Amino acid sequence: MKVFVVGANGQIGKHLVDLLNDSQEHSVRAMIRKEEQRRHFEKKGIESVVVSLTGSVEEIANAAKGCDVIVFTAGSGGSTGADQTLLIDLDGAVKTIEAAENLGIKRFIMVSAFQANNRDNWNEAIKPYYVAKHYADRALLQSDLLYTIIRPGGLVNEPGTGKVTAAEGVERGSISREDVARTIIAALTEENTYKRSFDLVSGNTAITEALRKI
C-alpha cells in the first residue's frame, strides 16, 4: 500500500516514514509543512509534499492523491498555545478525514492520546490538547472510513523493544516513539484493528500478537 503520512517531520512521523521506506510491502509519501524540511526526506529518496494543515481540504486531498491509506500523526507541539492545538490537532485532523472521504481513501489510522476517549482521565495540564484529540477521534468514529485509533501513553525516545500492551483500557505507562511507528505499520493490514481504538504502552507481547488480541 502507498501510505500518506501527515506529520511526517514529527518524531513518530520520522520513524514511521523511515520504516515504510525500508519496507518491502509498502511505499510512502511524506506530508510536511515547511519547504526547508524537504531536504531531510530528499536525501533518503523519500517522496514529500509541502502542505499546511491550516490550508484547505482540497490542498490536503490533492497531496494525498494516489495513496491507499492515510496516517495522521501530526501535532501542534507542546510549545504552542491552545489556538494552534485547535487548528492542527482538531481542525487539521478533521480536514484530513474529509480529504480521505473526498478521495475515496477508506483506510485511516489516527495517532491520538492515552485515554483521550475518557474525560475522567485527561491530563489537566494539557486539557486543550485532550479536548482536540477527543473530538478529532469522534469525527473519525462517525465517518465511513475504515479507521484505527491508536492512543499511546507517555512518549519516550528510547529504542523500541517490539513488545507492547494494547487494549481499550490499560494501566498508564510509557512507550517509545519507535514502537508506536512499528504498531502503525503492523495495524495497516491487521484486520483485527479495523474500526477499533485502543490504548498502547510498552509491554511483554510482540506487536503483531498484541494487535490480534485487542
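What you see is a predicted model; the values in this text were computed from it and never measured. This chain uses plain numbering: 1 for the first residue, then up along the sequence.
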Would a single hydrophobic cluster contain both [Y] and [X], if residues Ile, Leu, Val, Met, Phe, Trp and Tyr are joined by side-chain heavy-atom contacts under 4.5 Å?
| X | Y | result |
| --- | --- | --- |
| Ile97 | Ile109 | no |
| Val6 | Leu16 | no |
| Phe198 | Leu145 | no |
| Val51 | Leu90 | no |
| Ile88 | Ile126 | no |

With a 3.5 Å distance limit and no angle check, can you tell me whether [X] reaches the backbone of [Y] through a side-chain donor-acceptor pair?
| X | Y | result |
| --- | --- | --- |
| Asn21 | Val17 | no |
| Arg29 | Ile46 | no |
| Arg172 | Asn121 | yes |
| Thr73 | Ile12 | no |

Below 4.5 Å, heavy atoms only, C-beta onward: do [X] and [Y] meet side chain to side chain?
| X | Y | result |
| --- | --- | --- |
| Leu188 | Val3 | yes |
| Lys163 | Ser202 | no |
| Asp179 | Thr161 | yes |
| Asp91 | Leu86 | no |
| Asn9 | Phe41 | yes |
| Met31 | Ser48 | no |
| Val170 | Phe114 | yes |
| Val69 | Phe4 | no |

(message) Taking CD in Glu191 as the centre, count heavy atoms belonging to other residues, nucleotides or ligands within less than 6.0 Å. Is the count above 12?
(response)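 At most 12 heavy atoms, drawn from other residues, nucleotides or ligands, come within 6.0 Å of this atom.
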Using a strict 4.0 Å threshold on nitrogen-to-oxygen distance, state whether [X] and [Y] make a salt bridge.
| X | Y | result |
| --- | --- | --- |
| Arg212 | Glu209 | no |
| Asp137 | Lys133 | no |
| Arg151 | Glu168 | yes |
| Glu47 | Lys2 | yes |
| Glu35 | Arg38 | yes |

About how many Å separate [atom2] of [Y] and [atom1] of [X], when rounded to the nearest 0.5 Å?
| X | Y | atom1 | atom2 | value |
| --- | --- | --- | --- | --- |
| Asp89 | Ser112 | CG | OG | 9.5 Å |
| Ile105 | Cys67 | CD1 | SG | 6.0 Å |
| Leu200 | Ile150 | CG | CD1 | 6.5 Å |
| Ile214 | Leu211 | CD1 | CG | 4.5 Å |
| Ile149 | Thr193 | CD1 | OG1 | 11.5 Å |
| Leu155 | Ser176 | CG | OG | 9.0 Å |

Could you tell me which non-hydrogen atom of [X] sits nearest to which non-hydrogen atom of [Y], and how far apart they are?
| X | Y | value |
| --- | --- | --- |
| Val94 | Ala139 | CG2-CB, 3.9 Å |
| Ala210 | Thr205 | N-CG2, 3.6 Å |
| Leu53 | Ala74 | CD1-CB, 3.6 Å |
| Ala113 | Tyr130 | CB-CE2, 4.1 Å |
| Ala64 | Ile70 | CB-CD1, 4.3 Å |
| Ala93 | Ala136 | CB-CB, 3.8 Å |

(message) The test is salt bridge (Lys or Arg N to Asp or Glu O under 4.0 Å); show your working for Lys14 and Glu178 and say whether it passes.
(response) CA-CA 9 Å; Lys14 282 182 175 175; Glu178 182 182 349; over 6 Å; no
(message) Thr96 vs Phe108, test: side chain to side chain contact (heavy atoms under 4.5 Å, CB included). Steps then yes/no.
(response) CA-CA 10 Å; Thr96 306; Phe108 195 109; 3.8 Å; yes
(request) Decide yes or no on side chain to side chain contact (heavy atoms under 4.5 Å, CB included) for Glu171 and Thr165, but give the supporting numbers first. (result) CA-CA 9 Å; Glu171 190 171 331; Thr165 297; over 6 Å; no
(message) In terms of relative ring orientation, are Trp122 and His134 parallel, tilted or perpendicular, with 30° and 60° separating the classes?
(response)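 The arrangement is perpendicular - the two ring planes meet at more than 60°.
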(request) Before giving the answer on salt bridge (Lys or Arg N to Asp or Glu O under 4.0 Å), spell out for Lys127 and Glu124 the whole-Å C-alpha distance, their side-chain angles and the decisive distance to 0.1 Å. (result) CA-CA 5 Å; Lys127 196 167 186 178; Glu124 288 294 322; 3.7 Å; yes
(message) For a quick check under 3.5 Å, do Gln115 and Asn118 share a side-chain donor-acceptor pair by atom type?
(response)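 A pair is found: one side chain offers a donor N or O, the other an acceptor, under 3.5 Å apart.
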(message) Ignoring hydrogens and geometry beyond distance, is a side-chain donor-acceptor pair present between Thr148 and Arg107 at under 3.5 Å?
(response)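 There is such a pair (donor and acceptor under 3.5 Å, judged by atom type) between the side chains of Thr148 and Arg107.
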(message) The test is side chain to side chain contact (heavy atoms under 4.5 Å, CB included); show your working for His26 and Thr189 and say whether it passes.
(response) CA-CA 11 Å; His26 309 297; Thr189 54; 4.3 Å; yes
(request) Determine, step by step, whether Met1 and Glu25 satisfy the side chain to side chain contact (heavy atoms under 4.5 Å, CB included) criterion, reporting the C-alpha distance in whole Å, the side-chain angles of both residues, the deciding distance to 0.1 Å, and the verdict. (result) CA-CA 7 Å; Met1 292 193 293; Glu25 301 171 66; over 6 Å; no
